[in-house]
Amino acid sequence: MDSEKQMLIGRTLGELKVVVGELGMPAFTATQIAKWLYQQHVTSIDDMTNISKANREKLKAKYEIGAMPPIDCQRSKDGTVKYLFPVCCRDTTTNGTERFVETVFIPERLRVGASAGMGDRATLCVSCQVGCKMNCLFCQTGKQGFEGNLTAADILNQIYALPECSQLTNIVFMGQGEPMDNLDNILRAIQILTADYGWAWSPKRITVSSVGIRNKLRRFLDESECHVAISMHSPLPEQRRMLMPAERQMSITEVVDLLRQYDFTHQRRCSFEYICFGGLNDSMTHAREIIRLLQGLECRVNLIRYHEIPGIDLPASDEKRMESFRDYLTAHGVFTTIRASRGQDIFAACGLLSTAMKNNKVK
């Protein structure tokens, strides 16, 4: 990309109106640009053919689309694809230095025997930060440390420049980083994804995860209609604090108390992510505490297999124990599933994303 030019991706319709106004172009041109960007996914201003050539030249003098294709990809035997995207992090302490994030494309055939496109699901796991401040014990991204917040353009580019973009049915903000720690850019990206001038997606196709950050989580729930997924991993405060330092700032009890103030009985969904560690958080005592904690809250629990990371001595639950845990919770009114592990062979599964080595090579 030309470092002297500004990016168009990541701008709202209101911001595009400012752009065309400053360039002396008709106001309706902003809507045309937005549709070319977010509905047609053009890669060149020259492709915006219903804008006059003279106005395209004005636009090109100061702006560019800003799409940055992935520079690498790895394909799992289960069909999962992990992409490596360059990001600018221009609003952070990286001072414009290029960094990288990993993004995971997860195709899934929902109906056995269905032809392609019939009953299929394709989810993109999007990153929002380079590294992460939360430093959860079981997460490789946390071991990377924090290197910067992604801009809305960086976030949207993972979708915009994805080779399988047209196949997507769902987006989950469950990649690198804590979304509530970069909330302004998350909300801006969601606005563009759901606006009529943008992707025009239903917010119910988007799930945003969080460990729970005071004030930020409330703001997200107030300003968005997207699904929310809370990283629980233990219902016991002391144990959760050992696994997740963020428990010190906003306890799981406070998180659940906040969630009770919102309506999840209709289309909006609330879920809890729960990595199962063998003999650590998968006992019937833990199951009973989860039931007590979530009583009366419309939600579901997703059990996740632990994927070992270097230097961390945590045991993984076996399949039978996870199934017993699931069945006990479901029998007592907490709908619970075991999430299929995808992309483990390419380090794309939950907790395995990291670009520390790649970023350290950047001069």
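Quick caveat, the model's predicted, so the values are computed rather than measured.
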> Who are the side chain to side chain contact (heavy atoms under 4.5 Å, CB included) partners of E254, not counting sequence neighbours?
Replying inline: R214, M250, S251
>> Using a strict threshold of under 4.0 Å (side-chain N to carboxylate O), is an ion pair present between K320 and E323?
In response: no
> Going by an N to O cut-off under 4.0 Å, is there a salt bridge joining R321 and D282?
Replying inline: yes
> Residues sharing V104's hydrophobic cluster, by side-chain heavy-atom contacts under 4.5 Å among ILVMFWY, directly or via others?
Replying inline: I106, L353
> Linking Ile, Leu, Val, Met, Phe, Trp and Tyr by side-chain heavy atoms under 4.5 Å, what else ends up with V18?
Replying inline: none
>> Which residues pass the side chain to side chain contact (heavy atoms under 4.5 Å, CB included) test with D196, not counting sequence neighbours?
In response: none
>> If you count heavy atoms of other groups shown closer than 6.0 angstrom to CZ of F264, is the number above 12?
In response: yes
>> Does this structure show an ion pair linking D184 with R219, if we count only N-O contacts that are shorter than 4.0 Å?
In response: yes
>> If we ignore hydrogens and angles and just use 3.5 Å, is the side chain of S127 paired with the main-chain N or O of V101 as donor and acceptor?
In response: no
>> Would the distance check show the side chain of N182 and the main-chain N or O of C128 forming a donor-acceptor pair, the cut-off being under 3.5 Å?
In response: yes
>> Side-chain heavy atoms under 4.5 Å apart, restricted to Ile/Leu/Val/Met/Phe/Trp/Tyr: what other residues fall into the cluster of I346, or is it alone?
In response: none
>> Is the ring pair Y160/Y38 parallel, tilted or perpendicular, if the boundaries are 30 and 60 degrees?
In response: perpendicular
> For R300, what residues pass the salt bridge (Lys or Arg N to Asp or Glu O under 4.0 Å) criterion, not counting sequence neighbours?
Replying inline: none
>> Going by the rule salt bridge (Lys or Arg N to Asp or Glu O under 4.0 Å), which residues pair with R268 if we only count those two or more places apart in sequence or in a different chain?
In response: none
>> Once salt bridge (Lys or Arg N to Asp or Glu O under 4.0 Å) is applied, do any residues pair with R326, and if so which ones, sequence neighbours excluded?
In response: none
>> Under the rule for side chain to side chain contact (heavy atoms under 4.5 Å, CB included), what residues qualify as partners of S354, not counting sequence neighbours?
In response: Q140, Q144, A356
> With K133, which residues qualify under salt bridge (Lys or Arg N to Asp or Glu O under 4.0 Å), at least two apart?
Replying inline: D181
> Hey, what else clusters with V172 if you join Ile, Leu, Val, Met, Phe, Trp, Tyr whenever side-chain heavy atoms sit under 4.5 Å?
Replying inline: M174
> With sequence neighbours left out, what residues match F277 under ring pair (Phe, Tyr, Trp, His ring centres under 6.0 Å)?
Replying inline: F138, Y306
